[in-house]
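Remarks on the structure that follows.
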Protein chains: 2
Amino acid sequence: MGSNLELVKLVYGSGRIRDERKGEHMRWRDLEKEPCSVARTLSIIGDRWTLLILRDCFMGVRRFEQFESNLGMTRHVLADRLKKLTSAEVLVKTPYGTAPVRQEYRLTEKGFDLYPVIMSIVHWGDTHMADERGAPVIHHHKTCGHHMHGELVCSECGEKLEARQVSVDLGPGFQDAV
Amino acid sequence: MGSNLELVKLVYGSGRIRDERKGEHMRWRDLEKEPCSVARTLSIIGDRWTLLILRDCFMGVRRFEQFESNLGMTRHVLADRLKKLTSAEVLVKTPYGTAPVRQEYRLTEKGFDLYPVIMSIVHWGDTHMADERGAPVIHHHKTCGHHMHGELVCSECGEKLEARQVSVDLGPGFQDAV
DNA sequence: TTTCATTAGTTCTATTTTAGAACTTGGATG
DNA sequence: CATCCAAGTTCTAAAATAGAACTAATGAAA
């Protein structure tokens, strides 16, 4: 994305949602209706706890009490987030075991697709938020056997993606206001 | 990351910070002290507005009024987030122009390094949150000339990264409680 | 068979964040 | 000299989160 200011105004600043209500600021629940994939995705994962819950999911955490004790968040909010992630089909809630029946939350394929988001966040943290000693956790790629990190490349040419080398255009899913 | 539950408890559930205050839940400002790169990164970008501000930055938005009108957020919170991003060195605030002198906020290199996070979020939104018509915005790679999306690969072997093919270990920057 | 423990929640009040709107400040502009 | 604009700050109201206690269903222990 270079400097695409006209497009920015057209797409993101189109203010469709706000205009309908005249003068009001955007509210969180309106985000999913914006013509922007960042806004739409953040309407699901863009709060203070959801990505930490998903981090735990990718580490194999599945049960309510486990999330609660690992994350240190209030049960109240945890229950709410699990419900939202379930209704967004990022997690599935399944009863398992017999006598006593317990509940578990597992990633769906849609949830698994968030892996690049988590891994990109991890790599930024390893690079910019670690102390002199280095990353708190290291990742091992079973396929090739090496320690590694996630790297973002162009889906077409495979080169490492740099923001300055990418420009944006209106896509088929954009629809102008009025 | 397969099923690494012992590690999860050790690293994320170590509860270092909470234990110091006995029984209290984790608060947001404590996140940066957790021995986890996800938590540390989210202490900077993990609120309801910051990633949308950064989306605009990557699109070339630089000035206060422009952020405000594109994002539709309150000036109050915008001022606060720009201040936090500046003190985290994700953005730099520079006066520019003469008579009148205006302020602009630009991405630092540290800020540019968040590009993979944004692009991973965009791709997930394009895949799972778009309607039948498709993505609202398409990306064009100047280097190779193709429409593309960001793809996360292993830094060592270049293969597409799958969560199930990655395991985690303690890294040098992890330090156990007590 | 009463008591206790566990899991997966819900309900309550208090505090913190965010929304919405108006006000301020330091130049330009007419 | 009055008005405009960019970049904020300040105020009250509403929403979200923290912190703690309570509930309901089951199973095990005394």
Side-chain angles (χ1 to χ4, degrees), chain A residues 15 17-19 21-31 42-53 56 61-87 91-106, chain B residues 15 17-19 21-31 42-43 46-53 56 61-87 91-106:
Chain A
I17 288 110
R18 269 171 293 145
D19 285 354
R21 292 195 317 268
K22 268 204 195 160
E24 280 179 35
H25 283 166
M26 188 147 71
R27 299 194 216 127
W28 195 251
R29 63 177 171 279
D30 296 329
L31 266 187
L42 291 178
S43 76
I44 293 178
I45 61 167
D47 74 288
R48 290 197 128 87
W49 286 108
T50 299
L51 278 166
L52 285 169
I53 292 172
D56 272 22
V61 174
R62 305 215 170 93
R63 281 161 61 172
F64 192 93
E65 302 289 320
Q66 245 177 337
F67 286 112
E68 200 264 331
S69 75
N70 282 339
L71 290 167
M73 64 190 292
T74 61
R75 308 171 69 78
H76 179 224
V77 177
L78 175 59
D80 179 75
R81 286 317 111 91
L82 290 173
K83 200 171 288 176
K84 280 181 179 155
L85 286 170
T86 301
S87 78
L91 301 180
V92 260
K93 178 180 175 180
T94 334
Y96 85 110
T98 48
V101 177
R102 303 298 185 201
Q103 305 302 320
E104 68 174 13
Y105 294 88
R106 273 170 177 274
Chain B
I17 287 110
R18 269 173 294 145
D19 285 354
R21 293 196 318 271
K22 268 204 196 162
E24 280 180 35
H25 284 165
M26 188 148 70
R27 297 197 215 126
W28 196 251
R29 62 176 170 281
D30 297 329
L31 266 187
L42 292 178
S43 75
D47 73 288
R48 290 198 127 86
W49 286 109
T50 299
L51 278 165
L52 285 168
I53 293 172
D56 272 22
V61 174
R62 306 215 168 92
R63 281 163 60 174
F64 192 92
E65 303 290 319
Q66 245 176 336
F67 286 113
E68 201 262 331
S69 75
N70 282 338
L71 291 167
M73 63 190 292
T74 62
R75 308 171 72 76
H76 178 225
V77 176
L78 174 59
D80 178 74
R81 287 315 113 88
L82 289 173
K83 201 171 287 174
K84 280 180 179 156
L85 285 171
T86 302
S87 77
L91 301 179
V92 260
K93 179 180 175 180
T94 334
Y96 85 111
T98 48
V101 178
R102 303 296 185 203
Q103 305 300 321
E104 65 173 17
Y105 294 88
R106 271 170 179 276

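Values in this document were obtained by computation on a predicted structure and should not be read as measured data. Proteins come first, then strands; the chains are lettered A, B, ... in the order of their sequence lines, and each starts at number 1.
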If you define the side chain from C-beta out and look only at heavy atoms, does anything of A:F64 sit under 4.5 Å from A:R75? yes
Measure from CG on A:L52 to P on D:dT17 and round the result to the nearest Å. 13 Å
To the nearest Å, give me how far apart CZ (B:R62) and C1' (D:dA6) are. 17 Å
How close or far is atom C1' of D:dA15 from atom CZ of B:R48, stated in whole angstroms? 10 Å
In whole angstroms, how far is the P atom of D:dA20 from the CD atom of A:E68? 12 Å
Under the salt bridge (Lys or Arg N to Asp or Glu O under 4.0 Å) test, which residues partner B:K83, sequence neighbours left out? none
How close or far is atom P of D:dT9 from atom CG of B:L78, stated in whole angstroms? 11 Å
With a 4.0 Å cut-off on N to O distance, would you call A:R106 and A:E104 a salt bridge? yes
Tell me, do A:M73 and A:I53 make a side-chain contact under 4.5 Å, heavy atoms counted? yes
Which residues satisfy the salt bridge (Lys or Arg N to Asp or Glu O under 4.0 Å) test with B:R81, sequence neighbours excluded? B:D47
Assign each of A:P100 and A:V77 the nucleotide of DNA chain D bearing its closest heavy atom; nearer the 5' end lies the nucleotide of A:V77
From CG of A:D47 over to P of C:dT17, roughly how many Å is that when rounded to an integer? 15 Å
Starting at CH2 of A:W49 and ending at P of C:dT17, how long is that distance when rounded to a whole Å? 13 Å
Tell me: NZ of A:K84 to P of D:dA15, nearest whole Å? 13 Å
What does nucleotides 6-16 of chain C look like as a protein-contact string, B for base, S for sugar-phosphate only, - for none, at under 4.0 angstrom between heavy atoms? -SBBBB-----
Salt-bridge present (B:E68, B:R63; N to O < 4.0 Å): no
